[in-house]
Each structure stands twice: as C-alpha cells, then as structure tokens.
Amino acid sequence: MLREIRELGFEYAELSHGIRLTLLPGILEAVDAGEMKISSVHNFCPLPMGVDRAAPNIFKFSSENPRERENAFKHTIKSMETAVRVKAQVVVLHMGAIDMKDYTDKLIDLVKEGKKETPKYQKLVEEISIKREGKKDRPMQYALEVLRRLVTEAESRELKLGIENREALEEILFESDYPLFLKEFTSPAVVYWHDTGHAQIKENIGFLDHAFHLAAMGGRLGGFHIHDVQFPGRDHCAPGTGTINWAALKPMVKPEHLKIFEFSPGLTAEQARAGAAHVKAIWGNE
C-alpha cells in the first residue's frame, strides 16, 4: 500500500480511518525502513477491534451515551499513540453530530435538478438552519468536554489535533461555530483542518462561501484534505476535474500547511498524478 503511494511520487502519506489493526505491523516496518514518511493520522487509526472498514464516526464525541463518548476518547488516544509511533504531526478528528435526519443528499438532489433558486429550496434551507441550531447545544457540550481532555493528551505528546470541516449538515462543528470555538480552544495543539471537497459541497448547497470560510480560518489552519467536487456533490475527484476554484484558495495556502490528497479509490494512477500536478501548478510545490 505504502509503496504504491510512494510510486505515485509522494514522500509522505496519511494513515486513514480505514487502517485495520492487522495492517499496522507492515506499515511500521515500512516506516522504520524509511520507505515512507507519515504526515498525519485520521481518527480512528487503527480501527477498533472487530471493525474491518473505514469508520471515522463509529464513536461520536457528541453522543448522549457516556460509554460511547469514553470509547471515542480511548480510541482517539490510540490514534495519538499511532501518530507518535510513526512520527506524524497531526491527528485529524471528526467532532460528532446532532440527532437530525440526513438533509445533505436531499439538497444535493434538488440542486442537481436546478431548484436551488426556488422558494421551496430556500424555505427548506431556512428550516434546516433553525433545526440545527435548536438541536446543537447538548451534543456540542459533550463533544467539547471530550476535546478538552484530548487537548491535554495531545500537548503532552507534542501533537496537533486537526478539527475537520464536514460535508453533512448534521455534523458539528457548524459553519458559524468556528469563531467562538477557536476563541475557547487557544492551545496551539488545536488547529483547523480544511477539507476542500466538504467545503465545496457546502457552497454548492448554499451553506457557505468556500474561499471566504477558508480565509476566516487562516490564522489557525493546520492543513488540507485535497480533492475536487463534480457539481454538485460528487467528491474525492482529481483536482482539475471538478468545480473548485483552486486559484481563489491559493492566498490562504502556506508552505507550513500539510497537504493531503484524498482521492477516490476509483481513480487511476495517472488521474491521481494529474490531479496532484494540477494543484501544484496553481498553489506551488510547497
């Protein structure tokens, strides 16, 4: 797996939330042998025992169930231990979700049908926004309580926690929550992690302005998950094959930010190389 990534021209890789426990020995062997460096680890890594497919939301920080929240904490600690072992800088986190049905796919379908500017669509967006705000207080409280404990653990390990923006409307943090969140969590161990595809989907369905949101987060930005979106909601495409305006994002991109290409497994090696080259041509090689 890591050799394939290296042969695509990458020096670093992120260990994702799909790494089974049985894969770890081979990964550690490759890292120790200098075949690949690891930039970041995505929670939960390795996967909990008995789970054999990607499951970043299997335990939610925001859960009403205290046992689930404790499992989320414990398995995030395991992700941190993995990060330390492979000399990664960041553990990327999902913060949880409110109890609300999936409106994201419904809005994407309406946009696809050309109904974004209709009164019905605008009314639905308003209803969703009101519902989200009304349901978020307790899940946010639970999630932030878990995160406070994790920040202490991350600081002691000299790791950063990357709080990833999400595409699903029920997942926290919401777009309007970030300013207050970052004022509360002032530790350098907490950074914002920008997923380009997720932000573009949110723009396409009318919930944020992609470039404006990234600029607002610039002071605490730690890194990127980079992939394109074919309008309105098909993500993990090769950059240059979708609708993201990479030039508009360039002013916020710094050499010190980690940049992780997060491609669909369906891409060919040539499509992956071309996508990486497209971003580098606009953003530069750093």
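Within the 4.5 Å cutoff, the side chain of Leu47 has no heavy atoms near those of the Leu21 side chain. Taking the side chain as every heavy atom from C-beta outward, Asn245 and Gln200 never approach each other to under 4.5 Å. Side-chain contact between Ile163 and Phe181: present, with at least one pair of heavy atoms (C-beta onward) separated by less than 4.5 Å. With a 4.5 Å cut-off on side-chain heavy atoms, Ile38 and Val31 count as touching. Using a 4.5 Å cut-off on side-chain heavy atoms (C-beta onward), Glu155 and Val151 make contact.
The salt bridge (Lys or Arg N to Asp or Glu O under 4.0 Å) test applied to Lys37 returns Glu11, not counting sequence neighbours. In this structure, Arg67 has no salt bridge (Lys or Arg N to Asp or Glu O under 4.0 Å) partners at least two apart in sequence or on a different chain. By the side chain to side chain contact (heavy atoms under 4.5 Å, CB included) test, Ala33 pairs with Glu35, sequence neighbours left out. With sequence neighbours left out, the salt bridge (Lys or Arg N to Asp or Glu O under 4.0 Å) criterion links Glu29 to no other residue. The salt bridge (Lys or Arg N to Asp or Glu O under 4.0 Å) test applied to Lys131 returns no partner, not counting sequence neighbours. Residues satisfying the side chain to side chain donor-acceptor pair (under 3.5 Å) criterion with Arg6, sequence neighbours excluded, are absent altogether.
Neither Met80 nor Ile58 shares a network with the other; the hydrophobic side chains, linked directly or stepwise wherever heavy atoms of I, L, V, M, F, W or Y lie under 4.5 Å apart, form separate groups for each. Put simply, Leu161 and Tyr178 are part of the same group of oily side chains (I, L, V, M, F, W, Y) that touch within less than 4.5 Å, one to the next. Hydrophobic clustering (ILVMFWY, side-chain heavy atoms < 4.5 Å, transitive): Met95 and Tyr142 are in distinct clusters. Grouping the Ile, Leu, Val, Met, Phe, Trp and Tyr side chains by contacts below 4.5 angstrom, directly or via other members, places Val190 with Val91. Linking Ile, Leu, Val, Met, Phe, Trp and Tyr residues whenever their side-chain heavy atoms come within less than 4.5 Å leaves Val253 and Tyr12 in two separate clusters.
Screening residues 171-191 for salt bridge (charged side-chain N to carboxylate O under 4.0 Å, His left out) gives Arg132-Glu175, Lys136-Asp177, Arg148-Glu184, Arg166-Glu171, Glu175-Lys202 as the qualifying pairs, with residues at least two apart or on separate chains. For residues 76-101, the pairs satisfying salt bridge (charged side-chain N to carboxylate O under 4.0 Å, His left out) are Asp32-Arg85, with sequence neighbours left out. Residue pairs that meet the salt bridge (charged side-chain N to carboxylate O under 4.0 Å, His left out) test with at least one member in residues 47-62, sequence neighbours left out, do not exist here. Each salt bridge (charged side-chain N to carboxylate O under 4.0 Å, His left out) pair with one or both residues in residues 252-280, not counting sequence neighbours, appears once here: Glu270-Arg273.
Note on ring orientation: taking the six-membered ring where Trp is involved, the planes of Trp283 and Phe224 are tilted (angle from 30° to 60°). Ring planes of His75 and Phe59: parallel class, angle under 30° (limits at 30 and 60°).
For the atom pair NE2 of His210 and CG of Leu208, the computed distance is 7.5 Å after rounding to the nearest 0.5 Å. Here the straight-line distance linking atom CE of Met217 with atom CZ of Phe212 works out to 9.0 Å at 0.5 Å rounding. The CD atom of Glu133 sits 4.5 Å away from the OG atom of Ser176 when rounded to the nearest 0.5 Å. Here the straight-line distance linking atom CG of Leu150 with atom OG1 of Thr76 works out to 5.0 Å at 0.5 Å rounding. Within the model, atoms CD of Glu117 and CG of Leu110 stand 12.0 Å from one another, a figure rounded to the nearest 0.5 Å. Between Leu15 atom CG and Leu24 atom CG the span is 7.5 Å, to the nearest 0.5 Å.
Counting all heavy atoms, side chain and backbone alike, Ala13 lies closest to Leu2 at CB-CD2, 4.2 Å. When every heavy atom of Ala248 is checked against every heavy atom of Ala211, the shortest pair comes out as O-CB, 4.1 Å. Closest approach of Thr241 and Cys237 over heavy atoms only: OG1-CB, 3.6 Å. Listed here is the closest heavy atom pair of Glu167 and Thr104: O-CG2, 3.6 Å. Shortest non-hydrogen contact noted between Pro239 and Val279 is CB-CG2, 3.4 Å.
The main-chain N or O of Phe44 is never found under 3.5 Å from a side-chain atom of Ser79 such that the two would form a donor-acceptor pair. Within the 3.5 Å criterion, the main-chain N or O of Leu182 finds a donor-acceptor partner in the side chain of Arg220. Side chain of Ser62 to main chain of Met140: no donor-acceptor pair is present (N/O by atom type, distance under 3.5 Å, no hydrogens or angles). Side-chain atoms of Asp228 come within 3.5 Å of backbone N or O of Gly240 as a donor-acceptor pair. Under the 3.5 Å distance criterion, the side-chain polar atoms of Arg157 are matched with a main-chain donor or acceptor of Glu153. Looking at Lys160, its side chain never comes within 3.5 Å of a backbone N or O of Gln89 through a donor-acceptor pair. With Thr243 contributing its side chain and Val229 its backbone, the two residues share a donor-acceptor pair below 3.5 Å.
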>> I'd like to know whether Ile226 forms a side chain to side chain contact (heavy atoms under 4.5 Å, CB included) with Trp246, so could you lay out the CA-CA distance, the side-chain angles of the two residues, the decisive distance to 0.1 Å, and finally the verdict.
In response: CA-CA 10 Å; Ile226 299 171; Trp246 300 99; 3.6 Å; yes
> Run the side chain to side chain contact (heavy atoms under 4.5 Å, CB included) check on Leu93 and Glu164 step by step: do they pass?
Replying inline: CA-CA 6 Å; Leu93 306 178; Glu164 183 181 5; over 6 Å; no
>> Please evaluate residues His94 and His42 with respect to the criterion ring-ring contact (aromatic ring centres under 6.0 Å, His included), reporting the C-alpha separation (whole Å), side-chain torsions for both, the decisive distance (0.1 Å), and the verdict.
In response: CA-CA 9 Å; His94 295 179; His42 195 307; 4.8 Å; yes
> Could you walk me through whether Leu249 and Ile282 pass the side chain to side chain contact (heavy atoms under 4.5 Å, CB included) check?
Replying inline: CA-CA 10 Å; Leu249 307 182; Ile282 298 170; over 6 Å; no
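The number of heavy atoms from other shown groups lying within 6.0 Å of CZ (Phe231) is above 12. Atom CD of Glu286 is surrounded by 12 or fewer heavy atoms from other residues, nucleotides or ligands within 6.0 Å.
Side-chain rings of Tyr192 and His194 approach one another, their centers coming within less than 6.0 Å.
The side-chain tip of Arg69 does not point at the ring of Phe61 from less than 6.0 angstrom away and within 45° of straight on.
The pair Arg138-Glu64 meets the salt-bridge criterion, since a charged nitrogen lies less than 4.0 angstrom from a carboxylate oxygen.
By the 4.5 Å side-chain criterion applied to Ile, Leu, Val, Met, Phe, Trp and Tyr, Val90 is assigned to a cluster that also includes Val92, Trp193, Leu258, Ile260.
Side-chain contact check for His225 and Glu14: at least one donor-acceptor pair (N or O, by modelled atom type) lies under 3.5 Å. There is a side-chain donor-acceptor pair under 3.5 Å between His227 and Asp195.
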Side-chain donor/acceptor pairs under 3.5 Å, residues 121-130, sequence neighbours excluded:
unit_1: Tyr121; atom_1: OH; unit_2: Ile205; atom_2: O; d: 2.8
unit_1: Gln122; atom_1: NE2; unit_2: Lys116; atom_2: O; d: 2.8
unit_1: Ser129; atom_1: OG; unit_2: Val125; atom_2: O; d: 2.9

